[in-house]
There are 2 protein chains.
Amino acid sequence: MTLSHLKKICREKSLRMTAQRRVIIRVLSESHDHPAVEEVYQRIKNIDPKISLATLYRTLRLFQEAHILKRHEFGDGISRYENASVKHHHHLIDKCTGEIIEFHDDQLEALQQEIAKKLGYELVGHRLELYGVPFGKDKKKK
Amino acid sequence: MTLSHLKKICREKSLRMTAQRRVIIRVLSESHDHPAVEEVYQRIKNIDPKISLATLYRTLRLFQEAHILKRHEFGDGISRYENASVKHHHHLIDKCTGEIIEFHDDQLEALQQEIAKKLGYELVGHRLELYGVPFGKDKKKK
DNA sequence: TTATGTGCAAATACTTTGCCTTTAC
DNA sequence: GTAAAGGCAAAGTATTTGCACATAA
């Protein structure tokens with residue numbers, strides 16, 4: 001998820017390299033967290049306050065369709081975005097702080113494949129989220 | 001998820017047993033699929049056409065808070081509801097037909113516990129969805 | 001030049017809320 | 001009788017869209 005990704009997408013789909021798209025890709029590439037639309041919007045406005053929310057939505061959708069951006073929805077119902085070029089992983093959400101921890105586990109991936117196969121399906125996607133509390137803290141949710 | 005669940009909740013939280021709540025719990029208990037709000041609404045209206053959508057939403061929320069109903073969001077962005085009293089399981093969504101297959105796997109559950117523990121967390125919840133296509137069919141999503 | 005992209009405001013889809021009326025207990 | 005629950009319509013959210021203007025190629 002860099003400027004060159006954008007150039008590639010524009011070439012492939014004959015889209016235009018606009019100032020707005022450049023700003024948005026820059027903000028996303030510098031975001032190593034999982035920002036919600038509103039957060040991305042704020043970061044964008046710091047660079048160019050004239051970009052509209054509609055353009056942001058259109059661009060986020062564009063990037064999702066180009067598979068350079070992933071959308072998540074963790075429990076709270078709001079969409080969060082993440083650079084899709086990072087290695088495949090899942091998320092553990094800390095119910096105390098809201099912190100999002102990324103993890104990957106080969107055994108888990110293999111097991112999922114196996115389960116799907118057993119059910120007669122070929123896996124084309126999957127989503128896993130764990131919700132936890134740090135050891136020793138109250139185990140009540142929220 | 002039966003009438004007696006409702007009675008129990010009402011006793012515990014000093015809520016009232018209304019005709020609307022009885023109809024809603026009846027519909028939900030007879031629904032062994034994963035209906036969206038709109039679908040539940042239609043089923044309810046077949047029994048009592050005067051129940052309002054607002055009441056349905058309020059009641060669904062009530063039941064979720066009482067942990068007798070679970071809300072899911074599978075990829076398509078719409079909320080679907082499921083009786084929470086059935087045995088713990090996950091879902092495999094058939095991308096060709098939209099069909100939802102339920103499954104459970106002890107090894108998977110154990111592995112998730114283990115992963116959380118390794119990260120320093122006690123697991124308080126988790127969500128897993130697999131998206132697949134039947135063997136031999138086109139593997140393109142949607 | 002001209003089709004594509006943008007900004008704005010309005011529209012949409014889903015869900016919640018305010019307020020007045022009805023009802024369970 | 002009284003507080004909780006319901007119905008209705010209005011208000012919220014989050015996101016998309018129509019349209020006139022701006023702009024990249």
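Letters go in sequence order (proteins before strands), and every chain restarts at 1.
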Short heteroatom pairs, N/O only, protein and nucleotides 22-24 of chain D, under 3.5 Å:
| from | atom 1 | to | atom 2 | distance (Å) |
| --- | --- | --- | --- | --- |
| D/dA24 | N3 | A/Arg16 | NH1 | 3.3 |

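- Checked by atom type and distance alone, the side chain of B/Gln112 never pairs as donor or acceptor with a backbone atom of B/Glu109 at under 3.5 Å.
- Atom-to-atom, NZ of B/Lys13 to P of D/dA5 comes out at 11 Å; the value is rounded to the nearest Å.
- One N or O on the side chain of B/Glu39 and one on the backbone of B/Ala36 form a donor-acceptor pair closer than 3.5 Å.
- No option in B/His126, B/His104, B/Glu102 other than B/His126 meets the side chain to side chain donor-acceptor pair (under 3.5 Å) test with B/His90.
- In this structure, CD of A/Glu73 is placed 12 Å from C1' of C/dC14, rounded to the nearest angstrom.
- In this structure, B/Leu62 atom CG and C/dT17 atom P are separated by 14 Å, rounded to whole Å.
- Between B/His34 and B/His91, the two ring planes are perpendicular [angle over 60°; tilted spans 30° to 60°].
- The nearest whole Å value for the distance from the CG atom in B/Leu60 to the C1' atom in C/dT16 is 13 Å.
- Taking the side chain as every heavy atom from C-beta outward, B/Leu60 and B/Leu28 approach each other to under 4.5 Å.
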Can you check nucleotides 7-10 of chain C for protein contacts, nitrogen or oxygen pairs under 3.5 Å, and list what you find?
| from | atom 1 | to | atom 2 | distance (Å) |
| --- | --- | --- | --- | --- |
| C/dG7 | OP1 | A/Gln20 | NE2 | 3.4 |
| C/dG7 | OP1 | A/Lys50 | O | 3.0 |
| C/dG7 | OP2 | A/Ser52 | N | 3.0 |
| C/dG7 | OP2 | A/Ser52 | OG | 3.1 |
| C/dG7 | OP2 | A/Thr55 | OG1 | 2.5 |
| C/dG7 | N7 | A/Arg58 | NH2 | 2.8 |
| C/dG7 | O6 | A/Arg58 | NH2 | 3.3 |

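- Protein atom OH of A/Tyr41 is 13 Å distant from nucleotide atom P of C/dT6, rounded to whole Å.
- The nucleotide whose nearest atom lies closest to any side-chain atom of A/Leu15 is, among C/dG5, D/dA5, D/dT17, C/dG5.
- The overall bend of the helix from C/dT1-D/dA25 to C/dC25-D/dG1, read as the angle between its terminal helix axes built from five base pairs each, is 30° when rounded to 10 degrees.
- Atom CZ of A/Arg11 is separated from atom C1' of D/dA25 by 15 Å (rounded to the nearest Å).
- At the phosphate of D/dT15, neither OP1 nor OP2 sits under 4.0 Å from any side-chain N or O atom of A/Arg61.
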Less than 3.5 Å apart, which donor and acceptor atoms pair up between the side chains of residues 17-26 of chain B and the rest of the protein, not counting sequence neighbours?
| from | atom 1 | to | atom 2 | distance (Å) |
| --- | --- | --- | --- | --- |
| B/Thr18 | OG1 | B/Arg21 | N | 3.2 |
| B/Arg21 | NH1 | B/Arg16 | O | 2.8 |
| B/Arg22 | NH2 | B/Met17 | O | 3.1 |

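- By the side chain to side chain contact (heavy atoms under 4.5 Å, CB included) test, B/Lys70 pairs with B/His72, B/Ala84, B/His88, sequence neighbours left out.
- Comparing B/Ile78 and A/Ser14 by the nucleotide of DNA chain C whose heavy atom lies nearest to each, the residue mapping closer to the 5' end is A/Ser14.
- For the pair B/Glu39 CD and C/dA13 P, the computed distance is 16 Å after rounding to whole Å.
- Considering all non-hydrogen atoms of both residues, A/Phe135 and B/Tyr121 come closest at CZ-O, 3.6 Å.
- Contact record, A/Ile93 with A/Ile100: CG1-CG1, 4.2 Å, taken as the closest heavy-atom pair.
- Remark: B/Tyr57 is not in phosphate contact with C/dT16, judged by side-chain N or O atoms under 4.0 Å from OP1 or OP2.
- Contact between A/Leu92 and A/Gly132 at its shortest, heavy atoms only, is CD2-N, 4.3 Å.
- Sequence neighbours left out, the pairs with a member in residues 5-14 of chain B that pass side chain to side chain donor-acceptor pair (under 3.5 Å) are B/Thr2-B/His5.
- Contact record, A/Ala66 with A/Ile9: CB-CD1, 3.6 Å, taken as the closest heavy-atom pair.
- If you measure from atom CD1 of B/Ile24 to atom C1' of D/dA5, you get 11 Å, rounded to the nearest angstrom.
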